[in-house]
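A quick write-up on the structure given underneath.
Just so it is clear, the structure is predicted and the values come from calculations on it, not from any experiment. In what follows, chains carry the letters A, B, and so on, assigned in the order in which the sequence lines appear, proteins first and then strands, with residues in each chain numbered from 1.
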Protein chains: 2
Amino acid sequence: MPRPGRKDELLEAAVTLFSQKGFHATTVRDLAEQVGMKSGSLYAHIATKEDLLEEIVMRSAEQFQAAVAPIVRSDAPAASKLRQAMAAHIRVVASDTGAATVFLHEWKALSPERHASVIAARQGYEELLAAIIRQGVESGEFRPVDESYARLLVLSVVNWVYQWYKPGGPLGPDQVADRFAELILHGMEP
Amino acid sequence: MPRPGRKDELLEAAVTLFSQKGFHATTVRDLAEQVGMKSGSLYAHIATKEDLLEEIVMRSAEQFQAAVAPIVRSDAPAASKLRQAMAAHIRVVASDTGAATVFLHEWKALSPERHASVIAARQGYEELLAAIIRQGVESGEFRPVDESYARLLVLSVVNWVYQWYKPGGPLGPDQVADRFAELILHGMEP
DNA sequence: CCTACCGATCGGTAGG
DNA sequence: CCTACCGATCGGTAGG
C-alpha cells in the first residue's frame with residue numbers, strides 16, 4: 001500500500017543517483033535503499049526503472065519551456081529578452097542541478113522510442129532562443145549575425161552551466177546570466 | 001597471441017561504442033563482437049574494461065592540450081590566439097567526434113581514483129584559455145572583462161560542439177570557429 | 001585467441 | 001510494502 005508522496009521521494013532519489021552515477025550505473029537496489037525500501041517494493045510505484053528517467057527528463061524539459069516561453073512572447077527589446085531568457089534558464093538549472101544534469105546528460109539512456117519526444121522538446125526550446133535572435137536582427141538591435149550560430153552560442157553557454165554551477169557560490173543565477181549576456185551582447189573587444 | 005594493431009582496433013571499437021551507448025551500457029561482449037573476437041579474448045589485450053575508457057580519455061586530453069598549447073605560447077595578438085585556439089579545439093573534436101564525446105561525456109564513469117588526473121588535465125587546459133583572455137585584457141586589446149566568465153563562455157561553446165557537430169556538414173571546423181570567435185569578440189550589438 | 005565457465009549482480013515478478 | 005526468488009547477463013578467469 002503506497003503511502004502518498006512516496007512517488008515523489010522516489011523521483012527525487014532517482015534525480016540524485018542518476019545525476020551522480022548515471023542511469024545505467026544506478027541499480028534498483030540503490031534506489032530502494034535511498035528511499036528506505038526493499039528493491040522489489042519499488043515496483044508498487046513504477047513499472048520500470050526507465051519510467052523514472054523519462055519522468056525526470058520530461059518534467060525538466062517542461063520547466064525550461066515554461067520559464068522561457070513567456071519571456072519570448074512578451075514585448076521587450078531583444079537584448080532584454082535575451083538577458084531574461086538566459087537568467088530564467090540558469091535559474092531552472094540552479095534550482096535543481098541534479099534534474100538539469102539528468103535532462104542534459106542522461107536522456108540518451110532512454111530507449112530509442114522515447115528519444116523522439118525529448119528531441120522535439122529540445123527543438124521547441126531552441127526555437128525560442130532563435131526567435132529572440134531573429135527579433136533582434138530584424139529590428140536592427142543586433143548586427144546581422146548568423147542566426148543559427150548565435151543561437152548555438154547562447155545555447156552552449158546556458159547548457160554548459162550544469163557542468164560547473166554550484167548553488168551557494170559567489171554569484172547567483174541572475175548574476176551569472178548577466179555576466180554572460182553582457183559578454184555576448186557587447187563582445188570582448190572595446 | 002595478439003596480432004599487432006589489435007589493441008588500436010579495440011580502442012577504436014571502444015570509442016564508437018562508448019560514445020554511442022555510454023560506458024556502462026557497453027558490454028565486453030559488445031566490444032568483442034565489434035572487433036571479431038570472443039569476449040574472453042579481449043583480456044589478452046586489456047586488464048579491465050575501464051582501462052579502455054581511461055586510455056581514450058587521456059589520449060583525448062593530450063590531443064586538446066597539444067593542439068592549443070603552442071598557440072598560447074606564440075606571440076600573436078590575443079584575438080588571433082583566441083580564434084586559433086577555438087579552431088584548433090574544434091578541429092580535434094571534428095577529427096574524432098566519438099573520442100571527444102567519450103572525453104567530455106563519459107569520463108565520469110572512471111572510478112573516483114582515476115578522476116583526479118582527468119580533472120587536472122582539464123584544469124590545465126582551462127588555464128590555457130584563461131591565459132589568452134588575460135593577455136587580451138592586460139594589453140588593452142579586450143575590454144576589462146571578468147576573466148573567469150569569459151573563459152567559461154569560450155569553454156562552453158567549444159565543449160558543446162561535440163553535441164551537435166557532424167563532419168560533412170556545411171561548415172568545416174575552422175569556419176565554425178570563425179563564426180563563434182567573431183560573435184564573442186564583437187558581440188551581437190552594433 | 002578460443003572454449004568453457006564462474007560468482008555476482010542485474011531488473012523485475014509472484015504471492016502475500 | 002516485504003519475502004523469496006527467477007532468468008538473464010554481467011565482467012572477468014583458467015587452461016589450453
Pair B:His89-B:Tyr125, ring-ring contact (aromatic ring centres under 6.0 Å, His included): steps then yes or no: CA-CA 11 Å; B:His89 180 111; B:Tyr125 187 76; 5.6 Å; yes
Rounded distance in Å - CD (A:Glu33) to C1' (D:dC2): 16 Å
Cationic N near anionic O, under 4.0 Å, B:Glu147 to B:Arg134: yes
Between D:dT13 (C1') and B:Leu42 (CG): distance, integer Å: 13 Å
Option among A:Val57, A:Ile56, A:Thr101, A:Asp30 that satisfies the side-chain contact (heavy atoms from CB on, under 4.5 Å) test with A:Phe18: A:Ile56
Using a cutoff of under 3.5 Å, can you pull out all pairs of nitrogen or oxygen atoms linking the protein to nucleotides 8-12 of chain C, with atom names and distances?
residue	atom	partner	partner atom	Å
C:dG11	OP1	A:Thr26	O	3.3
C:dG11	OP1	A:Lys49	NZ	2.9
C:dG11	OP2	A:Val28	N	2.8
C:dG11	N7	A:Arg29	NH1	3.0
C:dG11	O6	A:Arg29	NH2	3.0
C:dG12	OP2	A:Tyr43	OH	2.9
C:dG12	OP2	A:Lys49	N	2.9

Length of the line joining B:Lys38:NZ and C:dA4:P, which is rounded to integer Å: 11 Å
Passing candidate, side-chain contact (heavy atoms from CB on, under 4.5 Å) with B:Val157, options A:Leu155, A:Val154, A:Leu153: A:Leu153
Base partner of D:dT3, which must satisfy Watson-Crick or wobble distances under 3.5 Å: C:dA14
Check: A:Tyr162 ring centroid to A:Phe103 ring centroid under 6.0 Å: no
B:Gln84 side chain to B:Ser80 side chain, donor-acceptor N/O pair below 3.5 angstrom: yes
